[in-house]
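Note that the structure is predicted; figures quoted are calculated from it, not measured. No hydrogens, no waters, no symmetry mates; every other heavy atom, side chains included, goes into these values.
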Amino acid sequence: MPDAWLNRDSRHFKHLLALGWRERCGVEEFGRVRVHYLSRPDLIAAKVAAGRPQDFDDLVALRPSAEERAFAHAHLDRLEQEALGGDSYDANRSLLDSLG
């Protein structure tokens, strides 16, 4: 594997994760390696919040349920309320609504 394959760059986006994400993480062990991964609702909410083109393709494949979409909407509400710069997540909401 290339040296930079596993890095900590994603920590810069931790603020985009839904509250309580750590408690909902799954854990798998592969020998001496322990992997923590986001729950499905948290993964969907993170991809909706990021709003990147490749995330849309992933979201289409994931086919979020109505409950998962509601979780993501609530997450966007919180992000918008906490945004110091008055950031809007209207485009992210449109993307999410297009999945239903």
Student: Please round to the nearest 0.5 Å and tell me the distance separating atom CG of Asp58 and atom NZ of Lys47.
Tutor: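 Those atoms lie 3.5 Å apart.
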Student: Are Val33 and Glu28 packed together at the side-chain level, in the sense that at least one heavy-atom pair is separated by less than 4.5 angstrom?
Tutor: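 No, too far: nothing below the 4.5 Å cut-off.
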Student: Could you state the interatomic distance from CG (Asp42) to CZ (Phe71), rounded to the nearest 0.5 Å?
Tutor: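 Going from the CG atom of Asp42 to the CZ atom of Phe71 covers 4.5 Å.
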Student: Identify the heavy atoms of Val27 and Tyr37 that sit nearest to each other, and give their distance.
Tutor: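 Heavy atoms of Val27 and Tyr37 come nearest at N-CE2, 3.6 Å.
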Student: Just how far is it from atom CG of Leu17 to atom CZ of Arg22, taken to the nearest 0.5 Å?
Tutor: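 Output value for this atom pair is 9.0 Å.
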Student: Any chain of hydrophobic side-chain contacts (each under 4.5 Å) joining Val48 to Val60?
Tutor: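 Yes, one cluster joins them.
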Student: What residues form a salt bridge (Lys or Arg N to Asp or Glu O under 4.0 Å) with Glu29, not counting sequence neighbours?
Tutor: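 Checked Glu29 against salt bridge (Lys or Arg N to Asp or Glu O under 4.0 Å); matches are Arg34.
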Student: Roughly how far, to the nearest 0.5 Å, is CG of Leu16 from OH of Tyr89?
Tutor: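 Those atoms lie 5.5 Å apart.
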Student: Restricting to non-hydrogen atoms, name the atom on Arg40 and the atom on Glu68 that form the minimum distance, rounded to 0.1 Å.
Tutor: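 Taking Arg40 first and Glu68 second, the nearest heavy atoms are NE-OE2, 2.6 Å.
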Student: At their closest point, which heavy atom of Ser98 faces which heavy atom of Leu95, and how far apart are they?
Tutor: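 Taking Ser98 first and Leu95 second, the nearest heavy atoms are OG-O, 2.6 Å.
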Student: Which heavy-atom pair separates Pro64 from Leu99 by the least distance, and what is that distance?
Tutor: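 Scanning both residues, the minimum pair turns out to be CG-CD1, 4.0 Å.
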Student: Could you tell me whether Glu82 atom CD has more than 12 heavy atoms of other residues or ligands within 6.0 Å of it?
Tutor: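 Enclosed: over 12 neighbouring heavy atoms sit under 6.0 Å from CD of Glu82.
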Student: Minimum heavy-atom separation for Asn92 and Ala49, please, with both atom names.
Tutor: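 Shortest heavy-atom contact: ND2-O, 3.0 Å.
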Student: Please report the interatomic distance NE2(His73) to CZ(Arg78), rounded to the nearest 0.5 Å.
Tutor: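 Here the interatomic distance stands at 16.0 Å.
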Student: From Trp21 CH2 over to Lys14 NZ, what is the distance, rounded to the nearest 0.5 angstrom?
Tutor: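 Reported value, rounded in 0.5 Å steps: 6.5 Å.
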Student: Minimum heavy-atom separation for Arg24 to Ala18, with atom names?
Tutor: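 Closest heavy-atom pair between Arg24 and Ala18: NH2-CB, 3.8 Å.
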Student: Is the backbone N or O of Ala50 less than 3.5 Å from a side-chain atom of Asp55, with the two atoms forming a donor-acceptor pair by type?
Tutor: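 Between the backbone of Ala50 and the side chain of Asp55 there is no qualifying donor-acceptor contact (under 3.5 Å).
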Student: Please lay out, stage by stage, how Glu80 and Arg93 fare under the test salt bridge (charged side-chain N to carboxylate O under 4.0 Å, His left out).
Tutor: CA-CA 11 Å; Glu80 216 164 54; Arg93 288 178 205 289; 2.9 Å; yes
Student: In the structure I gave you, are the side-chain heavy atoms of Leu62 and Ile44 within less than 4.5 Å of one another anywhere?
Tutor: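 Side-chain contact under 4.5 Å: yes.
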